[in-house]
2 protein chains.
Amino acid sequence: MAKQTNPDFLNGVPELLILQLLARRAMYGYELVRAIEESSGQVLEFGEGCIYPVLHRLESDGDLASRRETVGGRSRVVYRLTASGRKRLVARIAAWRSIVGAVEQVLQGAKHGKPAVS
Amino acid sequence: MAKQTNPDFLNGVPELLILQLLARRAMYGYELVRAIEESSGQVLEFGEGCIYPVLHRLESDGDLASRRETVGGRSRVVYRLTASGRKRLVARIAAWRSIVGAVEQVLQGAKHGKPAVS
DNA sequence: TGCCATACCTTGAACCACGAGGTATACCTC
DNA sequence: GAGGTATACCTCGTGGTTCAAGGTATGGCA
């Protein structure tokens, strides 16, 4: 049995990936959903109900700016990274690498912390 | 001021580390709390309110077995990994590496998924 | 005309880390 | 012997986050 609750290791990962992808080029929500799937080799699949709230929160925090665009009669909301968002991305990546490094350290049974980054 | 909400990347990490540390040797809750801090170089610090519920859940799932021990008048609950828990650890590590690999792939801007593991 | 893909959004539930609080015993100091 | 600190266990409530499901609307295709 052993119910698997939901210890997926995703937490802040959508935000990190959104910031990273938008750092390369401006995109709209629906595009981001599939860009994450494709770019991760179908390993990471976030639904729209997960992506949109993050976009709205990041925008209200000033980390994203949106611009309405109409292509072929279709209305899209295109997001781009602001300067503030770029700083947030750098901080998030640093935090991510710190966590990953620490977990790997435990998994490999290291006894003493090493100052060197990967 | 760009509130930092709580996008720590910890989710299932306590469970993973507990399983890993108990795979090496049996430990009790209070010991685990500080073993995680020390073993991760003070990067990961989980409170007791986070560790104990995980221990109880893992035990009720049959992944841990507990044994009461009295040392110097002090009562401790020592946990050890069961066969089921060992399988869970292997699965959790595989999931962890899969996630980390996928995120790194996106961060490095890979376009096509590669079949090879890291 | 009907169907699917595109494109956006909201809502509700479940889950998890975390802080704060609570109990009890041993050890050390005063 | 009185008081504080460290050990050792536990529970509760809160907040943030993922996620499935549902809802709306338009364009292209058969």
Side-chain angles (χ1 to χ4, degrees), chain A residues 3-19 26-37 40 43-61 64 66-79 92 95-96 99 102-103, chain B residues 2-18 26-37 40 43-61 64 66-79 92 95-96 99 102-103:
Chain A
K3 287 294 301 141
Q4 57 159 22
T5 49
N6 196 18
D8 297 353
F9 299 101
L10 320 164
N11 205 336
V13 171
E15 177 183 315
L16 174 66
L17 298 187
I18 287 173
L19 289 173
M27 298 174 91
Y28 51 97
Y30 199 76
E31 193 181 7
L32 273 166
V33 171
R34 283 170 314 167
I36 290 176
E37 294 178 18
S40 72
V43 176
L44 303 174
E45 297 190 353
F46 299 107
E48 307 164 31
C50 175
I51 298 300
Y52 285 116
V54 175
L55 288 174
H56 299 157
R57 198 190 67 226
L58 287 174
E59 185 178 19
S60 75
D61 281 357
L64 296 184
S66 68
R67 165 177 45 100
R68 196 146 213 121
E69 204 173 68
T70 301
V71 176
R74 282 255 175 58
S75 183
R76 296 168 176 170
V77 183
V78 181
Y79 293 92
R92 288 286 115 213
W96 165 257
I99 300 291
V103 171
Chain B
K3 290 290 301 140
Q4 57 159 20
T5 49
N6 194 19
D8 298 353
F9 299 101
L10 320 163
N11 204 337
V13 171
E15 177 183 313
L16 174 67
L17 298 186
I18 287 172
M27 300 174 91
Y28 52 97
Y30 199 77
E31 193 182 7
L32 274 166
V33 172
R34 281 168 316 166
I36 289 176
E37 294 179 18
S40 72
V43 176
L44 303 174
E45 297 190 354
F46 299 106
E48 308 166 31
C50 175
I51 297 300
Y52 285 116
V54 176
L55 288 174
H56 299 155
R57 198 190 65 225
L58 287 174
E59 184 178 20
S60 76
D61 282 355
L64 296 183
S66 69
R67 167 176 44 99
R68 196 146 214 120
E69 205 174 66
T70 302
V71 175
R74 283 255 175 58
S75 183
R76 296 168 176 170
V77 182
V78 180
Y79 294 91
R92 288 287 115 214
W96 165 258
I99 300 291
V103 171

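Quick note on labels: first sequence line is chain A, next is B, and so on, each numbered from 1. Not measured: the values here are computed from a predicted model.
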Candidates [options] - which lies nearest the side chain of [X]:
| X | options | result |
| --- | --- | --- |
| Asp8(A) | dA17(C), dA8(D), dC19(D) | dC19(D) |
| Arg57(A) | dC9(D), dC18(C), dT17(D) | dT17(D) |
| Cys50(A) | dA8(D), dT18(D), dC9(C) | dT18(D) |
| Tyr28(A) | dC8(C), dA17(C), dC18(C) | dC8(C) |

Interatomic distance, [X] [atom1] vs [N] [atom2] [rounded to whole Å]:
| X | N | atom1 | atom2 | answer |
| --- | --- | --- | --- | --- |
| Leu10(A) | dA14(C) | CG | C1' | 15 Å |
| Phe9(A) | dC16(C) | CZ | C1' | 13 Å |
| Arg68(B) | dT25(C) | CZ | P | 13 Å |
| Leu55(A) | dC8(C) | CG | P | 9 Å |
| Tyr79(A) | dA7(C) | OH | P | 14 Å |
| Ile51(A) | dT18(D) | CD1 | P | 8 Å |
| Glu37(B) | dC18(C) | CD | P | 11 Å |
| Asn11(A) | dG16(D) | CG | P | 12 Å |

Which part of the nucleic acid, if any, lies within reach of [X] when heavy atoms closer than 4.0 Å are counted: base, sugar-phosphate only, or nothing?
| X | answer |
| --- | --- |
| Glu31(B) | nothing |
| Arg76(B) | sugar-phosphate |
| Gly49(A) | base |

side-chain contact (heavy atoms from CB on, under 4.5 Å), that's the test. Do Asp8(A) and Ile99(B) meet it? Break it down for me. CA-CA 9 Å; Asp8(A) 297 353; Ile99(B) 300 291; over 6 Å; no
[N], OP1 or OP2 - any side-chain N/O from [X] closer than 4.0 Å?
| X | N | answer |
| --- | --- | --- |
| Tyr52(B) | dC9(D) | yes |
| His56(A) | dT10(C) | yes |
| Arg34(A) | dT6(C) | yes |

Residue mapping more 5' on DNA chain D - nearest nucleotide basis, Arg74(A) or Val54(A): Val54(A)
Using heavy-atom distances to pick each residue's nearest nucleotide on DNA chain D, tell me which of Glu45(A) and Gly72(A) is more 5'.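 Looking at the nearest nucleotide for each, Glu45(A) comes out on the 5' side.
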Could you check whether Arg76(A) pairs with Glu31(A) (Lys NZ or Arg NE/NH1/NH2 to Asp/Glu carboxylate O, under 4.0 Å)? no
Nearest 0.5 Å please: distance from the CH2 atom of Trp96(B) over to the CG atom of Leu16(B).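 Going from CH2 on Trp96(B) over to CG on Leu16(B), the span is 7.0 Å.
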Starting at CD1 of Ile36(B), measure out to CD1 of Ile18(B) and round the result to the nearest 0.5 Å. 5.5 Å
Side-chain contact, heavy-atom cut-off 4.5 Å: Asn11(A) with Leu10(B)?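 No; the side chains remain at least 4.5 Å from each other.
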